[in-house]
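In what follows, every heavy atom counts, from backbone to side chain, and hydrogens, waters and symmetry copies are set aside.
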Amino acid sequence: MDGQQQPDVQHFDHCPWLFAGDATDEQRVGQRERQGKVGGDSEIGERCYVAESAAVFPDRLRLGDDSYIAAHAYVTGELTTGTDCTLNPFVTARGTVTLGSGVRIGAHTSLLGFNHSMAPDRPVFQQAHTTLGITIGDDVWIGSHVVVVDGVTVGDHCVIGAGAVVTKDLPAWTVAAGNPARPLRDRRDVKPAGAARGADTLARFADTARAQAPDILARCWDGDQYVDRPGETATLRAHCDAVEIADLLLGSAPEQLSSEEHVKRLSAAQDPDTGLAPELGGPLPTPDDDGFVSEGPALYHVLSLGCALDLLGARFPHPARGVREMTASQLVARLEGLPWREGAWGAGAWVDAWATAAHWNLRHHPDDGVAPGTLEALFGWLLTRADPWTGMWGSPSPQAGRLQVVNGYYRLTRGTFAQFGVPVPHPERVVDAVLDHARDTRHFGPGRDNACNVLDVAHPLWLCGRQLGAHAKDGGYRSAEIRAWAEQQLAATLPHRHDGKGFGFGPGVSGPGAEPGLQGTEMWLAIIWYLADLLGRADTLGYHPRGVHRPEPARTPGQA
């Protein structure tokens, strides 16, 4: 300690953690002598320190390596510690006390591992002691001025707040405080700074969204049909989005029509021959040679119309013929011909629509929903074609980066792995690729986020995080980074709500634009749920997606 006064014994007694690095050879000899004078059956480990001013009079002492007893501590009876334990100044440990490893005991705390009998026939001081003993687990922090009474066991990883009086056992990971001490929470339930305020913000948002939902729906009703926003042309998707929003926030059908009328109108949109639904007033889609279509609104209507009818307690009246009749070899040929390199989003959207049509067919027409072997061919092809470096399908481009690949991944896995309850391949690599994509300033940041791009990051992180344990209390693969992204995105998203009008899809030329409407509102409500669930706060919202963006599988492996 150049230029500074050498610490004396009194200094080390109060700051024993400095002894190993700062003591002189003479002081080290003195400490060995001090330890040798400890009475009773004593064994003291390597690199330990026993303060000169501590009153250490044990019957039996086992002090583990790298442990210390600081100034004015009072130790009697039987004390056993693991490694790296600290009894700070003025700690009392009496009776039978056993500490695990890594235990920190704050100043003026008393561990009283004995008791008096209390029979009424004679004074207490004349009665015998009883000893059940105190057991403290590994990695425990006991604050200052705590009292732990005889017979108590404190589990591993507990934290006990200053001034507590511990009269009952505490299970592992408990954070406790008070007199008598009460469990406050599980130590693993760590929330980021501001989490409580974040939960309050979400609750207020959800309350406002529910209160304004009827006005938002009424705003997009032109008197006869639903439009995405005032002044636009009525679309089938707008009607479906209205049903989803009403179900999500109000738990009912939109009030502009009766439930029966909603079902009647939506069911009538499906073509009985192909099982597909064109745009309102638009031409019937022309199936390709294998019986299914390649593009157009009919593909997304498989999702939106099917889910809207499902939420209303109804179903597609007709099966999707092109899915029912497509053979496994035809499906593989179609998959091979999709534009994976230059249009991964379109390829993923097609797979989403085909697989969702298969789901509806199997659910409503189980006897002939799909040709034998087609679902096995679908998942077999996807599992063997996934890029092991990214877990995805398709290739990035210099112009758009991973935008097409990540957005296509969301659509593809939504309709297949997520919907059918099948684990995705290479989930760690997916998380790596998605987090890398989320840093691409061409697509993310102020003035650039839109509902598709954010959803197509949030859902894969949620899906793979579930598979990898990122939602478990002990964390998971890159879970801290996932939560940090979700926190940032959630903070940026909530202010974009337009009072009484909902959300716009987002800036740019893709999608319906920045003006608030049904599509933007439906999508952002689902996105907010996913972001909140990544942060462990989704319950605060009081709603749960059940339609196109439902998080749970609609089917389970092997389900007919």
Side-chain angles (χ1 to χ4, degrees), residues 189-220 228-229 238 241-255 311 438 444-459 461-462 465 471 482-507 511-552:
D189 291 338
V190 177
K191 295 183 179 179
R197 294 191 300 275
D200 291 342
T201 300
L202 284 173
R204 289 194 299 271
F205 161 78
D207 289 344
T208 301
R210 276 186 286 271
Q212 295 185 356
D215 292 338
I216 293 171
L217 296 171
R219 174 177 178 266
C220 296
D228 183 69
R229 52 198 185 279
D241 286 338
V243 171
E244 292 235 17
I245 293 167
D247 179 84
L248 193 67
L249 296 177
L250 305 174
S252 63
E255 64 182 12
L311 293 174
F444 296 92
R448 290 182 292 278
D449 292 344
N450 66 47
C452 273
N453 291 352
V454 178
L455 175 64
D456 297 355
V457 168
H459 186 273
L461 292 178
W462 186 93
H471 303 285
I482 292 172
R483 289 194 297 271
W485 178 84
E487 192 83 64
Q488 179 183 25
Q489 196 63 56
L490 191 60
T493 297
L494 293 177
H496 289 167
R497 182 185 63 84
H498 297 256
D499 199 44
K501 299 178 181 179
F503 286 89
F505 175 83
E515 291 299 315
L518 295 179
Q519 180 179 338
T521 300
E522 185 275 323
M523 292 186 70
W524 283 112
L525 287 172
I527 290 165
I528 288 166
W529 186 92
Y530 278 104
L531 294 173
D533 204 53
L534 287 171
L535 296 166
R537 303 178 206 159
D539 289 347
T540 307
L541 290 167
Y543 69 75
H544 191 103
R546 300 197 311 134
V548 172
H549 301 114
R550 62 178 295 162
E552 299 83 13

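Contact of the Pro516 side chain with the Arg497 side chain is not registered, since no non-hydrogen atoms from C-beta on lie closer than 4.5 Å. At least one side-chain heavy atom of Leu202 sits less than 4.5 Å from a side-chain heavy atom of Leu490. Leu518 is listed as a side-chain neighbour of Ile216, based on a closest heavy-atom distance under 4.5 Å. When side chains are defined from C-beta on, Ile245 does not count as touching Leu250, because their heavy atoms never get closer than 4.5 Å.
With values rounded to the nearest 0.5 angstrom, Leu455 atom CG is found 11.5 Å from Ile528 atom CD1. The distance from the CD atom of Gln212 to the CZ atom of Arg219 is 11.0 Å, given to the nearest 0.5 Å. A distance of 5.5 Å separates CG of Leu248 from CG of Leu525, quoted to the nearest 0.5 Å. The distance from atom CD1 of Ile482 to atom CG of Leu531, rounded to the nearest 0.5 Å, is 12.0 Å. Residue Phe444 holds its CZ atom at 7.0 Å from CD of Gln489, rounded to the nearest 0.5 Å. Leu535 contributes atom CG, which lies 8.0 Å from atom CZ of Arg483 (distance to the nearest 0.5 angstrom).
Distance alone, capped at 3.5 Å, is enough to place a donor-acceptor pair between the Glu244 side chain and the Val548 backbone. With hydrogens and angles ignored, the 3.5 Å screen pairs a side-chain donor or acceptor of Arg229 with a backbone N or O of Pro512. At least one donor-acceptor pair under 3.5 Å links the side chain of Asp228 to the backbone N or O of Gln519.
Checking each of Trp485, Trp462, Trp524 against Tyr530 for a ring-ring contact (aromatic ring centres under 6.0 Å, His included) leaves exactly one that passes, namely Trp462.
The two residues Phe205 and Tyr543 make their nearest non-hydrogen contact at CE2-OH, 3.9 Å. The two atoms that bring Pro214 and Ala211 nearest to each other are CD-O, 3.6 Å, heavy atoms only. Annotation for Ile527 and Ala451: closest pair CD1-O, 3.3 Å, computed over non-hydrogen atoms. Across Ala253 and Ala246, no two heavy atoms sit closer than the pair C-CB, 4.0 Å. Nearest heavy-atom pair, Pro551 versus Pro545, reported as atom, atom and distance to 0.1 Å: CD-O, 3.5 Å. Heavy atoms only, all atoms of each residue included: Gly502 and Thr521 are closest at CA-OG1, 3.3 Å.
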| message | Pair Glu255, Leu217 - check side-chain contact (heavy atoms from CB on, under 4.5 Å), show working. | response | CA-CA 9 Å; Glu255 64 182 12; Leu217 296 171; over 6 Å; no
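Using a 4.0 Å cut-off between charged side-chain N and carboxylate O, Asp539 and Arg537 make no salt bridge.
Glu522 and His549 are linked by a side-chain donor-acceptor pair at a separation below 3.5 angstrom, with hydrogens and angles left out of the test.
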